[in-house]
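Report on the following structure.
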There are 2 protein chains.
Amino acid sequence: MTASRPRRPTSADVARAAGVSRATVSFVLNDTPSQTISPATREAVLRAAEELGYMPSPHAAALRSGRSRLVLTLVPHWASSPTVMRYLELTGSHLAEHGLLTATHIERSAPLRDLLTAVHPAAVISLVPLEPDESDLLARAGIAEVHGYIADFPDKTPSVTLNQQHMGRAQAGHLLDRGFDRLVYVSGPRIGHPVRPAGRLEGARAEAAERGSLPVVAFSYTDTASLDAAIATWLGLPGRVGVCAFDDDTALEVLARLREHGTDIPGRVGVVGMDDIRAGEFSEPALTTIRPDLGPQARAVAHATLSALGISVDDESPVGSTTAQVAAVVQRATT
Amino acid sequence: MTASRPRRPTSADVARAAGVSRATVSFVLNDTPSQTISPATREAVLRAAEELGYMPSPHAAALRSGRSRLVLTLVPHWASSPTVMRYLELTGSHLAEHGLLTATHIERSAPLRDLLTAVHPAAVISLVPLEPDESDLLARAGIAEVHGYIADFPDKTPSVTLNQQHMGRAQAGHLLDRGFDRLVYVSGPRIGHPVRPAGRLEGARAEAAERGSLPVVAFSYTDTASLDAAIATWLGLPGRVGVCAFDDDTALEVLARLREHGTDIPGRVGVVGMDDIRAGEFSEPALTTIRPDLGPQARAVAHATLSALGISVDDESPVGSTTAQVAAVVQRATT
DNA sequence: CTGAAAGCGCTTACAG
DNA sequence: CTGAAAGCGCTTACAG
């Protein structure tokens, strides 16, 4: 250990090595549009930067330019599904195409206020609504707040919300297609999880109404006893009962109870879940479900972020009311 | 919109309002240990900061002090389980107690190199090993690299790795307790997922050996046909077969095939999963599983991070070889 | 097309 | 106990 730890190279080092000024280094490395640089100079700067292993300091750049290229996504700790993960990944890819980098913060490990003393993003994407004081904080810090909600929340400000109705429509539509004429929508206890099935239920109802089918009845249970009570009600209904479950976990619980009751599935009752978790493939019977596609949502929220930051996008895809494919039916043995 | 957008207050504004210098503001707000501040001055600064809604600029602070208070965790996109999420949350809480804030980056949305142009953390925690060039990048940028692996990887550098052996031991131990005397370890195809069951298998073997039980046989399957072949082999074994599954999804798939074969569970074959996912509660029969506790791992990785950053911790809990409780048996109907 | 200079908002020796 | 001043590493008008 005789060699002293080498100081990290700065743009001044690159400038010296390339025989140019620091300004020129900055122009080359940032492709500053208002500047034209001779190919020879550009080449020299690039080579020097490469050889020195130069990495610009994000702190200095952000401090001087007054803008950051970081986008921070706030993720509630309960939102840990592969679907959400994929959503974050897709959003990150879209933003990366426009030079924005993404990081996420799992909420509750530290208050937003503290977080902002360590990192200062250009924008914050929230998957669920922020508290008013959190929004204030962002506004005061000059950080754009983008609403990229993954569920239904009452919200007056413009937001990109995953199309819950579309998902409910997909469930109801499939059951109707398969000849189930009495539709019920069932949701269970959502532990530490504020997502409400309102949008999906609405979508299922709209689908049933448009097809002239019987109205969809909503059930929510809190424990096995109340689920059993709900099931008894369904089994009292005439015709073939189609169960839209809020998610696959709920569907699997319903299925377990229906098995217990000895119900004929899918003869008497059909069940369709939501999410396409792996376990659905191995249930008895194997669960039919909907695989949501968060691609359009990711695109929309990336758009919203870019526009909030004043970055123009040539892509013509509209933000908000996307009518794109957002869900695919995965049919197995329960329908 | 007549009022011009107010400039974000700086420490100079606070100093002016409090009638002190900027240095004093910094001393008060950072509780600089080498400085003693009169209560009156302290009070005045705090009040002024509060009234102005002052938030210090992380960029300026980091640039000047040369250190950041941000820790970035790199998460592979396939690691989306509630368990991992909880691990991130716990690690974040521990670090927050020492003034460090955490963010995570879902890998693959952008290369690490690009990410580091937008954010400059003090340390990076990796849940899986980094590429050599990524490690180089961190070293050159002066960013500490902490290995907080969630699985077994060959790794020569010091790292905190989730105790996989302990988990395998818990599975084998439970099956042995329940009277299953022929143990097998089964793992399925891990889609885009480099985690290998080596450590868990080893743990199961060690447990069986210590108890003087028959050696544990390892199976890995790639599709239904090869799983069925494996099952046929097990069913040819004498005695009661105990199946340790790599995770609950695998266990549920095994269970589905065993049902198909009409196997008596848990009479002839017992199955224990790993993870305690919700769906395990609703399988036929309901799945016995192991709930891993990542608390000790989170504590250890937080320790490792603090020590890499030269932050002393009074807490006496040792890093590395934790013998703490890291898994709990959740017994249901398959054992 | 290129360079000298100012300044972003902090922290930290240093002098009082 | 407090303040004046330097400087972290960039970017960006501005002058040439």
Side-chain angles (χ1 to χ4, degrees), chain A residues 7-45 48-49 52-70 99 116-120 122 140-142, chain B residues 7-45 48-49 52-70 99 116-120 122 140-142:
Chain A
R7 193 177 45 79
R8 191 174 159 207
T10 71
S11 75
D13 297 318
V14 177
R16 202 173 308 115
V20 298
S21 73
R22 289 160 59 212
T24 303
V25 171
S26 177
F27 293 148
V28 170
L29 264 29
N30 295 315
D31 277 321
T32 311
S34 56
Q35 290 283 331
T36 35
I37 303 284
S38 68
T41 303
R42 172 178 301 275
E43 174 64 22
V45 169
L52 292 171
Y54 171 66
M55 302 183 62
S57 153
H59 298 308
L63 176 59
R64 172 59 233 236
S65 70
R67 58 194 121 78
S68 161
R69 288 165 51 236
L70 185 72
L116 294 183
T117 65
V119 65
H120 190 109
R140 279 215 308 273
Chain B
R7 193 177 45 78
R8 191 175 160 209
T10 71
S11 74
D13 297 320
V14 177
R16 202 173 307 118
V20 299
S21 73
R22 289 158 61 211
T24 305
V25 171
S26 176
F27 294 146
V28 170
L29 264 30
N30 295 316
D31 276 321
T32 310
S34 56
Q35 291 282 331
T36 34
I37 303 284
S38 69
T41 304
R42 172 180 300 277
E43 174 64 23
V45 170
L52 292 172
Y54 170 66
M55 303 183 63
S57 154
H59 298 307
L63 175 59
R64 171 58 233 237
S65 70
R67 58 193 121 80
S68 163
R69 286 166 51 236
L70 185 72
L116 294 183
T117 65
V119 65
H120 190 108
R140 279 216 309 273

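Labels below follow one simple rule: chain letters A, B, ... track the order of the sequence lines, proteins then strands, and each chain is numbered from 1. The model shown is predicted, which means the values in this text are computed figures rather than measured ones. Note: hydrogens, waters and symmetry copies are ignored here, and every other heavy atom, side chains too, is used.
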Provide, to the nearest angstrom, the distance between the [atom1] atom belonging to [X] and the [atom2] atom belonging to [N].
{"X": "Gln35(B)", "N": "dA15(C)", "atom1": "CD", "atom2": "P", "result": "15 Å"}
{"X": "Arg64(A)", "N": "dA5(C)", "atom1": "CZ", "atom2": "P", "result": "16 Å"}
{"X": "Arg22(B)", "N": "dA6(D)", "atom1": "CZ", "atom2": "P", "result": "12 Å"}
{"X": "Arg67(A)", "N": "dC8(C)", "atom1": "CZ", "atom2": "C1'", "result": "12 Å"}
{"X": "Leu63(B)", "N": "dT12(C)", "atom1": "CG", "atom2": "C1'", "result": "13 Å"}
{"X": "Arg16(B)", "N": "dA4(D)", "atom1": "CZ", "atom2": "P", "result": "13 Å"}

Complementary nucleotide for dA4(C) - Watson-Crick or wobble, under 3.5 Å: none
Any-strand Watson-Crick or G-U partner of dA13(C), both distances under 3.5 Å: none
Side-chain N or O of [X] less than 4.0 angstrom from OP1 or OP2 on [N]?
{"X": "Ser11(A)", "N": "dG9(D)", "result": "no"}
{"X": "Ser65(B)", "N": "dT11(C)", "result": "no"}
{"X": "Thr32(A)", "N": "dT12(D)", "result": "no"}

Matching residue for Tyr54(A) among Asp13(A), Leu29(A), Val45(A) - test: side-chain contact (heavy atoms from CB on, under 4.5 Å): Leu29(A)
5' precedence on DNA chain D between Thr36(B) and Ala60(B) (nearest-nucleotide basis): Thr36(B)
